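Contents: one structure, followed by commentary.
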There are 2 protein chains.
Amino acid sequence: MDASSKEERIRDFKRICRERGERFTVQRRIILETVLGLDNHPSADRIYDAVESRLPGIARTTVYRTLEHLVRTGIITKACHPGRVARYDPRTEIHHHLVCLDCNEFIDFEDDGLNQLRIPDTSAFNFDVSDYRVQLRGLCQHCKKTREKEDSK
Amino acid sequence: MDASSKEERIRDFKRICRERGERFTVQRRIILETVLGLDNHPSADRIYDAVESRLPGIARTTVYRTLEHLVRTGIITKACHPGRVARYDPRTEIHHHLVCLDCNEFIDFEDDGLNQLRIPDTSAFNFDVSDYRVQLRGLCQHCKKTREKEDSK
DNA sequence: TTAAGTGCAAAAGCTTTGCGGGTAG
DNA sequence: CTACCCGCAAAGCTTTTGCACTTAA
C-alpha cells in the first residue's frame, strides 16, 4: 500500500476513535501501520511478530484485542481463510454462503445467477480453477436486531 | 441429504479406499454417514459429538484424522469459514481470491467481471448484504507440480 | 481526573503427534 | 500376515479472560 493512502487510513482511524470516545494509542497506531504494510492475509501471529520488532515487549493480548478492534471499526476485514478452520461441508456441488461479519454465521445460499458465472482467466497465476463459491457478506437477522437496539440507546 | 445419495457417497468412498489400499473401517463409515446427515457446516467438535453418540468411546483423534482423510479423498470439502486462526485483510475494497484446495494458499485476484455481479435477493433470510467475495477454488502452481510428480510414479 | 487500554498470567479451546496395540484385506 | 488404522496421553498452538496498573484526552 502506498504511503499516502496509508496515512489517510491512519487519520481515518484516529478520527473514528475520537468520535467514539476511544483512545488512539501508540500500540493501536503501530499495529494498524504494520497490518497495512503486510500482504498475504497475515495471521495474528505473523502480525504480532512484525509489531513486536517495532514495539519490543508489546503483549500478544494487545495485538489480538487491537485487531478485533480494527475489524469492528471497519478499517480492515477478516478474510475467510480455509486454513485450520475445521468447518466441513458435505455439499460438494456448487452453492454459496451468506457470511455475517458480526457473528461469523455462515448460511447456505442458492442462486441460479451466481451458479452461472464465467470463470475468469487465471493462467497468469498458473492456477487451475475447479469450482467457485460466492460469499455474500453482511449482517444476519440476529445481529441486525442487536445493532438496532444498541443504536437506539 | 436423502438416503439413496448418501448410500451412493458411502459406496464411492469405499471404492476409493480399496483402490488406494486404504481401510474401510467402521469408524470411517460412521463418521462419513454422520457428516452427510449434518448441515450448517459442522465443526469437528460438533461432528465428534454426533459420532460419539453412535460409537461411544471413539477417540477425538480418530474423528479429526478421518475428516482430513475425507477431505483428501474429495468426499467432503472444507468450508472457508472465518473462524479460528483468523486471517486479516488490509484491503477493504472489492477483490477476490484464488484458494488452493491442497495447501490452502490464498491469493488476491482481480477481475472486472467478478466486480460487477448483481447481488441477489437475500430478504428471505432477512440478511443485509454489504459486499461480496468470489473464491475461485482449485490447484495452485506449486501443488499442481507436486501432483504431476506423484502421478508419474 | 477518569474511563479506556495495556500487560501479565493463567485458562480455555482446538488440533496434532508419537506410540503401542488392534484389525481389515 | 502385515500395512494401515485406532485409542490414549501428552504436547502444541491460538485465542480469551480477569485483574491491577497505566495513560490519552
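Quick note on labels: first sequence line is chain A, next is B, and so on, each numbered from 1. All values below were derived from every heavy atom in this structure, side-chain atoms included, with hydrogens, water molecules and symmetry-related copies excluded. Bear in mind that the values here come from a model prediction, so they are computed numbers and not experimental data.
- A/Glu52 pairs by the side chain to side chain contact (heavy atoms under 4.5 Å, CB included) definition with A/Tyr48, A/Pro56, A/Ile58, not counting sequence neighbours.
- In this structure, the side chain to side chain contact (heavy atoms under 4.5 Å, CB included) partners of B/Ser5, at least two apart in sequence or on a different chain, are B/Met1, B/Asp2.
- Each end of the helix from C/dT1-D/dA25 to C/dG25-D/dC1 gets its own axis, taken as the rotation carrying the C1' atoms of four end pairs onto the next four within a five-pair window, and the two axes meet at 50° to the nearest 10 degrees.
- Residues satisfying the salt bridge (Lys or Arg N to Asp or Glu O under 4.0 Å) criterion with A/Asp49, sequence neighbours excluded, are absent altogether.
- Taking only side-chain atoms of A/Asp45, from C-beta outward, the nucleotide of D/dT14, C/dT6, D/dC6 with the closest atom is D/dT14.
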How does protein reach along nucleotides 18-25 of chain D, written 5' to 3' as B (base within reach of a heavy atom under 4.0 Å), S (only sugar-phosphate), or - (no contact)?
B-----BS

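- The side chain to side chain contact (heavy atoms under 4.5 Å, CB included) search around B/Arg65 returns B/Thr61, not counting sequence neighbours.
- Every residue meeting the side chain to side chain donor-acceptor pair (under 3.5 Å) condition with A/Glu19, not counting sequence neighbours, appears here in chain and number order: A/Arg15.
- Every residue two or more places apart in sequence or in another chain was checked for a side chain to side chain donor-acceptor pair (under 3.5 Å) with B/Gln141, and none qualifies.
- Remark: B/Asp112 engages B/Asn115, B/Gln116 in a side chain to side chain contact (heavy atoms under 4.5 Å, CB included) (not counting sequence neighbours).
- Looking at residues 47-58 of chain B, you'll see that no heavy atom sits under 4.0 Å from any atom of DNA chain C.
- Atom pair A/Arg20:CZ and C/dA3:C1' shows a separation of 17 Å (rounding to whole Å applied).
- Not counting sequence neighbours, A/Arg18 has no partner by the side chain to side chain donor-acceptor pair (under 3.5 Å) test.
- Residues forming a side chain to side chain donor-acceptor pair (under 3.5 Å) with A/Asp45 (at least two apart in sequence, or on another chain): A/Arg60.
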